[in-house]
Amino acid sequence: MRTCYVGQVSAEHLDREVTLFGWVHRRRDHGGVIFIDLRDREGLAQVVCDPDRAEVFAIAERIRNEFCVKLTGRVRRRPEGTVNPNLRSGEIEILCTAIEILNPSVTPPFQLDDENLSETTRLTHRVLDLRRPQMQRNLVLRYRVAIEVRKYLDSLGFVDIETPMLTKSTPEGARDYLVPSRVNAGQFFALPQSPQLFKQLLMVSGFDRYYQITKCFRDEDLRADRQPEFTQIDCETSFLSESEIRDIFEKMIRHVFREAIGVELPDPFPQMPYSEAMALYGSDKPDLRVRLRFTELTDVMKDVDFKVFSAAANMEGGRVVALRVPGGSEMSRSEIDAYTQFVGIYGARGLAYVKVNDAGKGREGLQSPIVKNLHDAAIAAILERSGAQSGDIVFFGADKAKVVNDAIGALRNRIGHSEFGRRAGLLEEGWKPLWVVDFPMFDYDEEDRRWVACHHPFTAPKDGHEDYLQTDPGKCLAKAYDMVLNGWEIGGGSVRIHREEVQSKVFRALAIGAEEARAKFGFLLDALQYGAPPHGGIAFGLDRIVTMMTGAESIRDVIAFPKTQRAQCLLTQAPSAVDEKQLRELHIRLRQVEPAKA
């Protein structure tokens with residue numbers, strides 16, 4: 001039996017004999033004395049193998065990196081000048097008296113302390129990648145976050161209830177992952193995109209406080225903060241108002257950050273209506289650390305000669321905004337060109353700008369090819385509304401509102417997080433949480449020419465907005481709320497519809513007919529007729545929260561066995577082909593398809 005974990009050996013163990021198990025992180029031969037850095041999930045400790053102990057020394061000579069060993073020795077102080085303050089075990093070393101090789105290792109494909117590994121290499125050899133100290137710290141922190149969530153919710157009477165993984169396909173958001181049924185030929189289960197419907201059914205069943213830390217599945221295009229399977233902290237309550245629900249879960253997030261990483265988040269979190277977030281930041285998840293805001297100019301650009309601005313200002317749903325960057329006139333032409341190329345990713349057809357060389361001179365103090373096409377009132381509005389000073393640069397977005405919001409919102413973050421932005425003090429340090437509230441119920445899909453739900457079709461309208469469901473769905477606001485932290489949406493939820501007649505109105509607004517609603521959601525509509533209580537909830541992305549806490553670049557760094565951006569597991573080579581017999585049992589025949597590119 002081991003005395004303790006390797007990384008826990010410290011000065012408290014001086015002059016004691018310890019037995020340790022772990023992996024050889026590094027072996028160093030210093031002219032007759034062999035040093036072994038032994039590693040386990042808690043950290044490293046230095047082991048000394050002296051040639052005076054011939055049997056021990058002979059085994060130490062055979063040992064290589066990543067051998068799994070059992071080691072016994074006496075703890076002593078390191079010689080003066082060799083203390084390592086970065087390790088808990090840095091004051092001591094272990095004089096080895098016995099070694100047993102439990103299992104040798106072939107030569108690893110990479111050094112575990114190599115900081116320049118490609119993600120492909122790491123994911124292909126994920127078992128070894130997970131041995132790296134940073135990855136072990138990430139997954140242990142993930143565990144601690146989950147434990148603190150459970151502690152908090154348990155203290156408030158929440159009950160952990162599992163919901164099915166094989167369920168009915170109700171495609172309203174991302175694509176479902178489908179599972180063919182062998183027993184029921186030609187029919188399919190779906191893996192849940194979330195436990196949304198089941199947690200509402202649990203509220204109707206009388207479990208007034210439910211939670212679950214559960215897997216969810218979405219067959220969608222992936223990014224650094226998305227995976228086809230992800231973990232959700234899913235919660236639902238009955239008999240609480242929108243503000244009471246937010247209060248409970250704001251306190252939960254503060255508790256988790258305090259207990260897991262020792263961070264005190266602000267109390268209370270500020271709140272911002274969706275309309276204000278879009279007006280000032282072009283995003284419903286603004287990073288409030290970035291000290292840049294939009295300036296609205298649509299109204300003053302309707303009659304300017306610069307057609308890019310006037311066309312956008314006069315089109316239905318168009319928008320013109322300015323983004324003032326203090327001190328930005330020092331930007332080179334190549335930097336501006338790079339930003340122009342960047343906003344093109346979001347559909348912008350260019351990036352107009354004005355350098356403010358001398359704000360006191362008005363038109364004469366501005367440098368830009370567009371100035372000659374702007375009348376005096378427009379120039380005055382740009383300077384006055386944006387607060388532009390000498391030495392600033394002002395960027396502009398002009399197009400459909402969505403293009404402007406996406407492009408200039410992304411530009412705002414890009415500049416704020418750039419080397420220039422940090423140098424100019426445009427990015428605050430620390431944690432900036434925010435509740436975004438009062439979301440619209442619906443977005444209009446121009447392609448399909450119909451209204452679609454902004455969150456999901458079970459979100460309740462604001463009090464007094466039910467009539468808009470039939471008369472003007474675009475004016476209808478929802479009892480919906482998102483928790484945002486440093487520009488990441490970490491949680492979102494709503495008060496749900498608990499009356500069948502209101503749910504039916506929402507389905508009609510979404511052009512979901514009675515027959516389709518019955519086919520997709522009949523079991524929920526039936527349940528709402530049996531005295532369903534008022535209820536609502538929220539779901540948090542566990543992967544995202546832990547990613548932020550660790551400072552990792554991708555959620556793949558806090559998931560043990562993640563998929564690539566092509567939804568592939570490089571370790572197990574999934575997805576993979578299956579044999580013909582399995583397909584026949586499932587009543588499936590494949591069409592000939594081109595093989596996926598690696």
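All values reported here derive from a predicted model rather than from experimental measurement.
At least one donor-acceptor pair under 3.5 Å links the side chain of Asp40 to the backbone N or O of Glu42. Between the side chain of Arg209 and the backbone N or O of Leu156 there is at least one donor-acceptor pair closer than 3.5 Å.
Using a 4.5 Å heavy-atom threshold, the side chains of Tyr468 and Pro473 count as separate. Taking the side chain as every heavy atom from C-beta outward, Arg122 and Asp557 approach each other to under 4.5 Å. In this structure, Ser554 and Thr547 have side chains that are not in contact, with every pair of non-hydrogen atoms separated by 4.5 Å or more. A heavy-atom distance below 4.5 Å is found between the side chains of Val149 and Met252. Looking at Glu466 and Arg499, their side chains come closer than 4.5 Å, going by heavy atoms from C-beta outward. Counting heavy atoms from C-beta on, the side chains of Tyr274 and Asp482 never come closer than 4.5 Å. Between Lys475 and Met441 the shortest side-chain heavy-atom distance does not fall below 4.5 Å. You'll find the side chain of Pro270 stays beyond 4.5 Å of the side chain of Trp435, heavy atoms only.
Looking only at atom types and distance, the side chain of Arg496 has a donor-acceptor partner in the side chain of Ser494 under 3.5 Å away. Side chain to side chain, Ser118 and Thr121 meet the donor-acceptor criterion of an N or O pair below 3.5 Å. Between the side chains of Ser241 and Glu244, a donor-acceptor pair is found at a separation under 3.5 Å. Residues Asp234 and Tyr210 have side chains that bring a donor and an acceptor to within less than 3.5 angstrom of each other. At a cut-off of 3.5 Å, with distance as the only test, a side-chain donor of Gln193 or Asp176 sits close to an acceptor on the other residue. In this model, no donor atom of one side chain and acceptor atom of the other lie less than 3.5 Å apart for Asp208 and His535. Under the 3.5 Å distance criterion, with hydrogens and angles disregarded, no donor-acceptor pair is assigned to the side chains of Gln232 and Ser194.
Applying the salt bridge (charged side-chain N to carboxylate O under 4.0 Å, His left out) test to Lys505 and every residue at least two apart in sequence or in another chain returns nothing. Taking the salt bridge (charged side-chain N to carboxylate O under 4.0 Å, His left out) definition, one finds that Arg414 meets it with nothing, sequence neighbours left out. Shown here are the salt bridge (charged side-chain N to carboxylate O under 4.0 Å, His left out) partners of Glu446, two or more places apart in sequence or in another chain: there are none. Arg508 pairs by the side chain to side chain donor-acceptor pair (under 3.5 Å) definition with nothing, not counting sequence neighbours. Remark: Arg412 engages no residue in a salt bridge (charged side-chain N to carboxylate O under 4.0 Å, His left out) (not counting sequence neighbours).
No more than 12 heavy atoms of other residues, nucleotides or ligands lie within 6.0 Å of CD in Glu162, so this atom counts as exposed by the packing criterion. Heavy-atom neighbours of Tyr143 OH from other residues, nucleotides or ligands within 6.0 Å: at or below the threshold of 12. Summarising the local packing, CG of Asp445 is surrounded by more than 12 heavy atoms from other residues, nucleotides or ligands at distances under 6.0 Å. Annotation for Asp472: atom CG counts as buried by contact number, over 12 foreign heavy atoms lying within 6.0 Å. Other residues, nucleotides and ligands contribute more than 12 heavy atoms inside 6.0 Å of the CZ atom of Phe420.
Using a 30° and 60° split on the angle between ring planes, Tyr152 and His255 fall in the tilted class, from 30° to 60°. Between Phe458 and Phe507, the ring planes are perpendicular. Angles over 60° get that label, and only those under 30° would be called parallel. Ring geometry for Phe158 against Tyr211 counts as perpendicular: the plane angle is over 60°, on a 0 to 90° scale with 30° as the lower cut.
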Check your understanding: Which is it for Gln134 and Glu115 under the side chain to side chain contact (heavy atoms under 4.5 Å, CB included) test, yes or no, and what are the steps along the way?
Key -> CA-CA 11 Å; Gln134 182 59 54; Glu115 297 295 329; over 6 Å; no
Practice item. Take Leu202 and Ile161 through the test side chain to side chain contact (heavy atoms under 4.5 Å, CB included) and record every step on the way to the result. Key: CA-CA 9 Å; Leu202 287 169; Ile161 303 176; 4.1 Å; yes
Point to revise | Full working for side chain to side chain donor-acceptor pair (under 3.5 Å) between Gln271 and Arg246 | key: CA-CA 11 Å; Gln271 294 181 27; Arg246 287 201 304 267; 3.3 Å; yes
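Just one of Arg175, Arg226, Lys563 meets the salt bridge (charged side-chain N to carboxylate O under 4.0 Å, His left out) condition when paired with Glu220; it is Arg226.
Salt bridge present: Glu236 and Lys199 bring a charged side-chain N and a carboxylate O closer than 4.0 Å. A salt bridge links Lys432 with Glu428: the distance from a Lys NZ or Arg NE/NH1/NH2 to an Asp or Glu carboxylate oxygen falls below 4.0 Å.
For the atom pair CH2 (Trp431) and CE (Met549), the distance works out to 7.0 Å, reported to the nearest 0.5 Å.
Applying the salt bridge (charged side-chain N to carboxylate O under 4.0 Å, His left out) definition to pairs two or more places apart or across chains, those involving residues 252-265 are Glu250-Arg254, Arg254-Asp267, Arg258-Glu264.
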